Amino acid sequence: MSDLLKVGVALGKVLGSVEPDLTTESVPLLQALGRVLAKDVVSSIDVPGSDNSAMDGYALAVVDTNEPLPVVQRIPAGTAGQPLQPGTAARIFTGAPIPSGADAVVMQENCTEADGIVTINTSAKVGANIRPRGQDIARGSVVLGKGRRLRPPDLGLLASIGCAEVEVYLPLRVAIMSTGDELIEPGAGEPNAAQVYNSNRYTLSGLLQGLHMEVVDLGIVPDNPAATASALRKAADIADCVVSSGGVSVGEEDHVKREVERLGRLDLWKLAIKPGKPLAFGYIGDTPFVGLPGNPTSVFVTFCLIARPMLLKLQGSLEHEAPRLQAAADFQVDRPNRRQEYLRVSLEHRDGRVWAASHANQSSGVLSSVSHSDALAIVPPDTTVAIGDTLDILLLDALY
Ligand code: AMP
Ligand code: MG
(Lines give C-alpha, C1' and ligand atoms only; values in the text may rest on other atoms or scores of the structure.)
(Ligands and ions follow the chains in the order given, each with its own letter.)
Protein backbone atom coordinates (compact mmCIF):
# COMPACT_ATOMS: atom_id res chain seq x y z
CA MET A 1 0.00 0.00 0.00
CA SER A 2 1.26 3.43 -0.90
CA ASP A 3 0.65 5.10 2.48
CA LEU A 4 3.67 3.30 3.96
CA LEU A 5 6.97 5.10 3.59
CA LYS A 6 10.04 2.97 2.88
CA VAL A 7 12.81 3.13 5.51
CA GLY A 8 15.42 4.24 2.98
CA VAL A 9 13.17 7.00 1.67
CA ALA A 10 12.44 8.28 5.17
CA LEU A 11 16.13 8.26 6.04
CA GLY A 12 16.92 10.11 2.81
CA LYS A 13 14.39 12.80 3.69
CA VAL A 14 15.77 13.18 7.20
CA LEU A 15 19.42 13.30 6.12
CA GLY A 16 18.54 15.66 3.30
CA SER A 17 16.81 18.00 5.69
CA VAL A 18 19.29 18.45 8.55
CA GLU A 19 22.53 20.40 8.32
CA PRO A 20 25.20 20.34 11.03
CA ASP A 21 26.00 23.56 12.87
CA LEU A 22 29.22 22.74 14.64
CA THR A 23 31.71 24.28 17.03
CA THR A 24 35.19 22.86 17.50
CA GLU A 25 37.42 22.38 20.50
CA SER A 26 40.83 20.92 21.13
CA VAL A 27 41.00 17.95 23.52
CA PRO A 28 43.86 15.84 24.88
CA LEU A 29 44.16 12.60 22.94
CA LEU A 30 43.12 10.44 25.89
CA GLN A 31 39.78 12.27 26.02
CA ALA A 32 39.09 12.02 22.31
CA LEU A 33 37.53 8.53 22.12
CA GLY A 34 34.24 8.62 20.19
CA ARG A 35 34.62 12.28 19.27
CA VAL A 36 34.49 13.46 15.65
CA LEU A 37 37.55 15.00 14.01
CA ALA A 38 36.97 18.60 12.94
CA LYS A 39 39.86 18.62 10.49
CA ASP A 40 42.16 16.27 8.63
CA VAL A 41 45.15 15.12 10.65
CA VAL A 42 48.33 15.28 8.55
CA SER A 43 51.50 13.55 9.66
CA SER A 44 54.66 15.63 9.92
CA ILE A 45 56.80 12.52 10.24
CA ASP A 46 57.41 9.14 8.63
CA VAL A 47 56.36 6.15 10.73
CA PRO A 48 58.55 4.29 11.36
CA GLY A 49 61.05 7.11 11.31
CA SER A 50 63.89 4.91 10.12
CA ASP A 51 64.45 1.48 8.58
CA ASN A 52 64.38 -0.83 11.58
CA SER A 53 64.60 -4.46 12.48
CA ALA A 54 61.47 -6.64 12.50
CA MET A 55 63.32 -9.39 14.40
CA ASP A 56 65.89 -10.17 17.03
CA GLY A 57 68.90 -11.32 14.97
CA TYR A 58 71.93 -10.04 13.06
CA ALA A 59 72.15 -7.07 10.72
CA LEU A 60 74.58 -7.56 7.86
CA ALA A 61 75.21 -7.09 4.16
CA VAL A 62 73.81 -9.98 2.14
CA VAL A 63 77.01 -10.24 0.04
CA ASP A 64 78.93 -11.14 3.23
CA THR A 65 76.79 -14.06 4.38
CA ASN A 66 78.90 -16.90 2.93
CA GLU A 67 81.61 -16.41 5.57
CA PRO A 68 81.41 -16.32 9.37
CA LEU A 69 81.33 -12.66 10.48
CA PRO A 70 82.69 -10.90 13.55
CA VAL A 71 79.90 -9.33 15.62
CA VAL A 72 81.25 -5.84 16.13
CA GLN A 73 78.33 -3.99 17.66
CA ARG A 74 75.13 -4.53 19.62
CA ILE A 75 72.06 -2.42 18.78
CA PRO A 76 69.09 -2.76 21.16
CA ALA A 77 65.82 -0.85 20.51
CA GLY A 78 66.30 2.79 21.47
CA THR A 79 69.95 2.87 20.38
CA ALA A 80 71.34 4.22 17.13
CA GLY A 81 74.17 1.98 15.91
CA GLN A 82 77.38 2.90 14.07
CA PRO A 83 77.85 2.40 10.30
CA LEU A 84 78.57 -1.26 9.65
CA GLN A 85 81.96 -2.06 8.09
CA PRO A 86 82.01 -4.61 5.24
CA GLY A 87 82.61 -8.15 6.44
CA THR A 88 81.07 -7.57 9.89
CA ALA A 89 77.68 -8.09 11.52
CA ALA A 90 75.73 -6.31 14.25
CA ARG A 91 73.67 -8.04 16.91
CA ILE A 92 70.31 -6.28 16.57
CA PHE A 93 66.93 -6.38 18.33
CA THR A 94 63.34 -5.76 17.21
CA GLY A 95 62.65 -2.07 16.65
CA ALA A 96 66.31 -1.02 16.55
CA PRO A 97 67.41 1.12 13.57
CA ILE A 98 69.30 -0.67 10.80
CA PRO A 99 72.90 0.60 10.66
CA SER A 100 74.08 1.99 7.35
CA GLY A 101 76.00 -0.67 5.41
CA ALA A 102 73.53 -3.43 6.40
CA ASP A 103 70.83 -4.49 3.96
CA ALA A 104 69.18 -7.43 5.77
CA VAL A 105 68.47 -8.91 9.17
CA VAL A 106 68.78 -12.65 9.68
CA MET A 107 66.67 -13.91 12.57
CA GLN A 108 68.68 -15.35 15.43
CA GLU A 109 67.09 -18.80 15.04
CA ASN A 110 68.97 -19.10 11.70
CA CYS A 111 72.38 -18.09 13.10
CA THR A 112 75.00 -19.61 15.38
CA GLU A 113 77.18 -17.28 17.44
CA ALA A 114 80.34 -18.42 19.25
CA ASP A 115 83.27 -16.35 20.52
CA GLY A 116 82.03 -13.18 18.88
CA ILE A 117 81.69 -14.80 15.45
CA VAL A 118 78.33 -15.44 13.82
CA THR A 119 77.65 -18.08 11.16
CA ILE A 120 74.60 -17.63 8.98
CA ASN A 121 72.80 -20.91 8.36
CA THR A 122 70.39 -19.69 5.72
CA SER A 123 70.31 -17.67 2.54
CA ALA A 124 69.45 -14.01 3.21
CA LYS A 125 67.65 -11.67 0.83
CA VAL A 126 68.19 -7.93 0.56
CA GLY A 127 65.56 -6.17 2.68
CA ALA A 128 64.71 -9.27 4.71
CA ASN A 129 63.26 -8.51 8.15
CA ILE A 130 63.67 -4.77 7.65
CA ARG A 131 60.65 -2.54 8.25
CA PRO A 132 61.25 0.34 5.88
CA ARG A 133 60.99 3.95 6.96
CA GLY A 134 57.47 5.32 6.30
CA GLN A 135 56.00 1.81 5.89
CA ASP A 136 53.04 2.70 8.11
CA ILE A 137 52.64 6.44 7.50
CA ALA A 138 54.36 8.71 5.01
CA ARG A 139 55.19 12.23 6.09
CA GLY A 140 52.61 14.68 4.67
CA SER A 141 49.84 12.10 4.33
CA VAL A 142 46.36 12.41 5.84
CA VAL A 143 46.29 9.92 8.68
CA LEU A 144 42.61 10.38 9.59
CA GLY A 145 40.12 12.59 7.82
CA LYS A 146 37.74 15.26 9.04
CA GLY A 147 34.44 13.67 10.05
CA ARG A 148 36.03 10.51 11.45
CA ARG A 149 34.58 9.15 14.69
CA LEU A 150 37.61 8.20 16.71
CA ARG A 151 37.92 4.51 17.57
CA PRO A 152 40.45 3.03 20.03
CA PRO A 153 43.10 2.22 17.39
CA ASP A 154 42.71 5.75 15.98
CA LEU A 155 43.96 7.12 19.29
CA GLY A 156 47.02 4.88 19.01
CA LEU A 157 47.52 5.94 15.39
CA LEU A 158 47.37 9.62 16.32
CA ALA A 159 49.81 9.02 19.16
CA SER A 160 52.18 7.29 16.72
CA ILE A 161 52.58 10.55 14.80
CA GLY A 162 53.08 12.55 17.97
CA CYS A 163 49.61 14.10 18.18
CA ALA A 164 48.96 15.16 21.80
CA GLU A 165 45.71 17.03 21.20
CA VAL A 166 43.05 16.80 18.51
CA GLU A 167 40.57 19.25 17.10
CA VAL A 168 37.07 17.76 17.47
CA TYR A 169 33.49 18.97 17.35
CA LEU A 170 31.69 19.79 20.59
CA PRO A 171 29.45 16.87 21.54
CA LEU A 172 25.96 17.18 20.11
CA ARG A 173 23.42 17.98 22.83
CA VAL A 174 20.44 15.72 22.48
CA ALA A 175 17.31 16.21 24.60
CA ILE A 176 15.29 13.10 25.34
CA MET A 177 11.82 12.87 26.78
CA SER A 178 9.61 9.90 27.58
CA THR A 179 5.91 10.60 27.10
CA GLY A 180 3.23 8.58 28.85
CA ASP A 181 0.97 8.84 31.90
CA GLU A 182 1.61 5.16 32.58
CA LEU A 183 5.35 5.64 33.16
CA ILE A 184 7.14 5.58 36.50
CA GLU A 185 10.87 5.66 37.12
CA PRO A 186 12.85 2.70 38.41
CA GLY A 187 13.37 3.38 42.10
CA ALA A 188 9.95 4.99 42.49
CA GLY A 189 8.35 1.93 44.08
CA GLU A 190 6.34 -0.92 42.58
CA PRO A 191 4.19 -0.13 39.55
CA ASN A 192 0.44 -0.59 39.95
CA ALA A 193 -1.53 -2.56 37.35
CA ALA A 194 -1.71 0.46 35.04
CA GLN A 195 1.93 1.52 35.30
CA VAL A 196 5.19 0.49 33.61
CA TYR A 197 8.73 1.48 34.35
CA ASN A 198 10.20 3.98 31.93
CA SER A 199 12.66 1.86 29.99
CA ASN A 200 12.98 4.00 26.86
CA ARG A 201 14.77 6.71 28.79
CA TYR A 202 17.54 4.27 29.66
CA THR A 203 17.79 2.71 26.21
CA LEU A 204 18.00 6.14 24.57
CA SER A 205 20.38 7.54 27.11
CA GLY A 206 22.65 4.50 26.68
CA LEU A 207 22.57 4.73 22.89
CA LEU A 208 23.44 8.43 23.01
CA GLN A 209 26.22 7.93 25.52
CA GLY A 210 27.59 5.24 23.21
CA LEU A 211 27.73 7.89 20.49
CA HIS A 212 29.55 10.23 22.91
CA MET A 213 26.79 12.79 22.72
CA GLU A 214 25.57 14.92 25.60
CA VAL A 215 22.21 13.80 26.95
CA VAL A 216 19.78 16.42 28.23
CA ASP A 217 17.18 14.31 29.99
CA LEU A 218 13.73 15.79 30.43
CA GLY A 219 12.39 12.66 32.09
CA ILE A 220 8.74 11.66 31.94
CA VAL A 221 6.29 13.99 30.21
CA PRO A 222 2.59 13.45 31.03
CA ASP A 223 0.04 12.95 28.27
CA ASN A 224 -1.46 16.42 28.12
CA PRO A 225 -0.98 19.29 25.68
CA ALA A 226 0.41 21.84 28.15
CA ALA A 227 3.05 19.52 29.64
CA THR A 228 4.02 18.27 26.19
CA ALA A 229 4.36 21.79 24.74
CA SER A 230 6.36 23.03 27.68
CA ALA A 231 8.76 20.07 27.59
CA LEU A 232 9.23 20.43 23.82
CA ARG A 233 9.93 24.16 24.11
CA LYS A 234 12.43 23.66 26.90
CA ALA A 235 14.13 20.81 25.06
CA ALA A 236 14.49 22.80 21.84
CA ASP A 237 15.83 25.73 23.83
CA ILE A 238 18.70 23.90 25.47
CA ALA A 239 19.55 21.14 23.00
CA ASP A 240 20.74 20.81 19.39
CA CYS A 241 18.19 18.13 18.69
CA VAL A 242 15.15 16.59 20.42
CA VAL A 243 14.22 12.91 20.55
CA SER A 244 10.97 11.80 22.17
CA SER A 245 9.41 8.41 22.69
CA GLY A 246 5.70 7.61 22.61
CA GLY A 247 2.72 9.75 21.80
CA VAL A 248 3.08 9.75 18.00
CA SER A 249 0.27 7.33 17.16
CA VAL A 250 -3.06 8.75 16.14
CA GLY A 251 -4.96 8.23 19.40
CA GLU A 252 -6.33 11.25 21.28
CA GLU A 253 -3.78 10.65 24.05
CA ASP A 254 -0.96 11.20 21.55
CA HIS A 255 -0.09 14.87 21.94
CA VAL A 256 3.41 15.07 20.57
CA LYS A 257 2.41 15.44 16.94
CA ARG A 258 -0.07 18.27 17.54
CA GLU A 259 2.22 20.23 19.87
CA VAL A 260 5.24 20.01 17.54
CA GLU A 261 3.01 21.24 14.72
CA ARG A 262 2.07 24.23 16.87
CA LEU A 263 5.69 25.01 17.71
CA GLY A 264 7.17 24.36 14.30
CA ARG A 265 6.50 21.85 11.60
CA LEU A 266 6.19 18.14 11.43
CA ASP A 267 5.78 15.16 9.15
CA LEU A 268 4.12 12.11 10.64
CA TRP A 269 5.06 9.00 8.74
CA LYS A 270 3.78 5.48 8.71
CA LEU A 271 7.05 3.74 8.04
CA ALA A 272 7.17 0.43 6.20
CA ILE A 273 9.12 -0.96 9.12
CA LYS A 274 8.44 -3.62 11.69
CA PRO A 275 8.75 -3.03 14.56
CA GLY A 276 8.07 0.71 14.71
CA LYS A 277 5.48 2.01 12.26
CA PRO A 278 4.69 5.57 13.39
CA LEU A 279 7.56 8.05 13.29
CA ALA A 280 7.52 11.83 13.43
CA PHE A 281 10.19 14.14 12.06
CA GLY A 282 10.21 17.90 12.11
CA TYR A 283 11.49 21.05 13.72
CA ILE A 284 10.67 22.93 16.88
CA GLY A 285 11.73 26.38 15.74
CA ASP A 286 15.08 25.54 14.11
CA THR A 287 15.78 22.51 16.27
CA PRO A 288 15.41 19.11 14.58
CA PHE A 289 12.95 16.81 16.26
CA VAL A 290 12.41 13.05 15.98
CA GLY A 291 9.37 11.47 17.59
CA LEU A 292 9.98 7.75 18.03
CA PRO A 293 7.17 5.32 18.77
CA GLY A 294 6.61 4.20 22.36
CA ASN A 295 7.11 0.46 22.29
CA PRO A 296 10.56 -0.33 23.69
CA THR A 297 11.79 -2.38 20.73
CA SER A 298 10.31 0.05 18.21
CA VAL A 299 12.27 2.78 19.98
CA PHE A 300 15.45 0.80 19.66
CA VAL A 301 14.99 -0.07 15.98
CA THR A 302 13.79 3.33 14.79
CA PHE A 303 16.52 5.07 16.77
CA CYS A 304 19.18 2.88 15.16
CA LEU A 305 17.81 3.21 11.63
CA ILE A 306 16.63 6.81 11.47
CA ALA A 307 17.67 8.86 14.51
CA ARG A 308 21.22 7.53 14.77
CA PRO A 309 22.29 8.44 11.21
CA MET A 310 20.66 11.84 11.59
CA LEU A 311 22.43 12.53 14.88
CA LEU A 312 25.75 11.38 13.44
CA LYS A 313 25.31 13.79 10.54
CA LEU A 314 24.47 16.61 12.96
CA GLN A 315 27.57 15.66 14.95
CA GLY A 316 29.73 16.19 11.86
CA SER A 317 30.46 12.51 11.33
CA LEU A 318 30.78 11.47 7.70
CA GLU A 319 29.85 7.88 8.46
CA HIS A 320 26.12 7.79 9.11
CA GLU A 321 24.94 4.25 8.60
CA ALA A 322 26.20 1.06 10.21
CA PRO A 323 27.68 -1.49 7.78
CA ARG A 324 25.50 -4.38 6.62
CA LEU A 325 26.83 -7.91 6.68
CA GLN A 326 25.18 -11.12 5.51
CA ALA A 327 24.04 -14.30 7.17
CA ALA A 328 22.03 -17.39 6.28
CA ALA A 329 18.49 -17.51 7.63
CA ASP A 330 18.03 -20.27 10.19
CA PHE A 331 14.29 -19.58 10.10
CA GLN A 332 11.44 -19.33 7.65
CA VAL A 333 9.10 -16.47 6.85
CA ASP A 334 6.10 -17.98 5.10
CA ARG A 335 3.85 -14.96 5.02
CA PRO A 336 5.24 -11.83 3.34
CA ASN A 337 4.82 -8.53 5.16
CA ARG A 338 4.26 -5.13 3.58
CA ARG A 339 6.72 -3.68 6.05
CA GLN A 340 10.47 -4.29 6.07
CA GLU A 341 11.09 -6.46 9.10
CA TYR A 342 14.05 -6.17 11.45
CA LEU A 343 14.18 -9.51 13.21
CA ARG A 344 16.17 -9.97 16.38
CA VAL A 345 18.58 -12.82 15.71
CA SER A 346 21.41 -14.72 17.36
CA LEU A 347 24.40 -15.61 15.20
CA GLU A 348 26.22 -18.91 15.06
CA HIS A 349 29.06 -20.09 12.83
CA ARG A 350 28.27 -23.53 11.44
CA ASP A 351 29.32 -25.50 8.33
CA GLY A 352 31.30 -22.58 6.96
CA ARG A 353 28.44 -20.06 7.16
CA VAL A 354 27.12 -17.58 9.66
CA TRP A 355 23.56 -18.57 10.58
CA ALA A 356 20.98 -16.17 11.99
CA ALA A 357 18.43 -17.76 14.31
CA SER A 358 15.35 -15.69 14.90
CA HIS A 359 14.43 -14.98 18.51
CA ALA A 360 11.17 -16.65 19.51
CA ASN A 361 9.41 -13.45 20.56
CA GLN A 362 9.56 -10.60 18.05
CA SER A 363 6.84 -8.47 19.65
CA SER A 364 7.58 -4.74 19.64
CA GLY A 365 6.92 -4.62 23.37
CA VAL A 366 9.53 -7.30 24.16
CA LEU A 367 12.88 -5.78 24.99
CA SER A 368 14.55 -8.91 26.38
CA SER A 369 14.97 -10.32 22.88
CA VAL A 370 17.01 -7.26 21.89
CA SER A 371 19.34 -7.77 24.83
CA HIS A 372 19.76 -11.44 23.94
CA SER A 373 20.36 -10.92 20.22
CA ASP A 374 23.51 -10.30 18.23
CA ALA A 375 22.01 -8.63 15.19
CA LEU A 376 18.94 -7.44 13.32
CA ALA A 377 18.21 -9.51 10.22
CA ILE A 378 16.51 -7.54 7.47
CA VAL A 379 13.58 -9.12 5.67
CA PRO A 380 12.57 -6.83 2.78
CA PRO A 381 8.88 -6.00 2.20
CA ASP A 382 6.70 -8.56 0.41
CA THR A 383 9.33 -11.28 0.76
CA THR A 384 9.25 -14.81 2.08
CA VAL A 385 12.34 -16.46 3.51
CA ALA A 386 13.42 -20.10 3.26
CA ILE A 387 16.02 -21.72 5.47
CA GLY A 388 19.48 -21.00 4.06
CA ASP A 389 18.46 -17.81 2.23
CA THR A 390 21.03 -15.04 2.51
CA LEU A 391 19.86 -11.96 4.40
CA ASP A 392 21.47 -8.63 5.22
CA ILE A 393 22.13 -8.15 8.91
CA LEU A 394 23.11 -5.26 11.16
CA LEU A 395 25.39 -6.22 14.00
CA LEU A 396 24.08 -4.67 17.18
CA ASP A 397 27.59 -3.98 18.47
CA ALA A 398 28.23 -1.84 15.38
CA LEU A 399 25.34 0.40 16.39
CA TYR A 400 26.74 1.32 19.79
P1 AMP B 1 2.55 5.03 22.67
O2 AMP B 1 3.34 5.11 21.41
O3 AMP B 1 2.72 6.21 23.54
O4 AMP B 1 1.13 4.68 22.39
O5 AMP B 1 3.14 3.79 23.46
C6 AMP B 1 3.12 2.49 22.92
C7 AMP B 1 3.47 1.44 23.97
O8 AMP B 1 4.78 1.67 24.45
C9 AMP B 1 2.60 1.47 25.20
O10 AMP B 1 2.38 0.14 25.63
C11 AMP B 1 3.42 2.21 26.22
O12 AMP B 1 3.09 1.89 27.55
C13 AMP B 1 4.81 1.77 25.87
N14 AMP B 1 5.76 2.80 26.25
C15 AMP B 1 5.72 4.10 25.85
N16 AMP B 1 6.72 4.79 26.40
C17 AMP B 1 7.45 3.90 27.14
C18 AMP B 1 8.62 4.02 27.94
N19 AMP B 1 9.24 5.19 28.06
N20 AMP B 1 9.08 2.93 28.57
C21 AMP B 1 8.44 1.74 28.43
N22 AMP B 1 7.33 1.57 27.68
C23 AMP B 1 6.83 2.63 27.06
MG1 MG C 1 1.80 6.97 25.09
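Given the structure is predicted, the values throughout are model-derived calculations rather than measurements. Just so you know, ligand 1 is whichever comes first in the structure, and atom 1 is the first atom listed for that ligand.
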Residues 93-107 side chain polar contacts: donor-acceptor under 3.5 Å, at least two apart:
| unit_1 | atom_1 | unit_2 | atom_2 | d |
| --- | --- | --- | --- | --- |
| T94 | OG1 | D56 | N | 3.3 |
| T94 | OG1 | D56 | OD1 | 3.0 |
| D103 | OD1 | V62 | N | 2.8 |

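- L266 and L279 fall into different hydrophobic clusters, where Ile, Leu, Val, Met, Phe, Trp and Tyr are joined by side-chain heavy atoms under 4.5 Å apart, directly or via other members.
- Residues meeting the side chain to side chain contact (heavy atoms under 4.5 Å, CB included) test with Q31, sequence neighbours left out: P28.
- Between the side chain of K270 and the backbone N or O of L5 there is no donor-acceptor pair closer than 3.5 Å.
- Between the side chain of D46 and the backbone N or O of A138, no donor-acceptor pair lies under 3.5 Å.
- Taking a heavy-atom cut-off of under 4.0 Å, ligand 1 is surrounded by S178, T179, E182, L183, Y197, N198, S199, N200, S245, G246, G247, G294, N295, P296.
- Remark: Y169 pairs with no residue by the ring pair (Phe, Tyr, Trp, His ring centres under 6.0 Å) rule, at least two apart or across chains.
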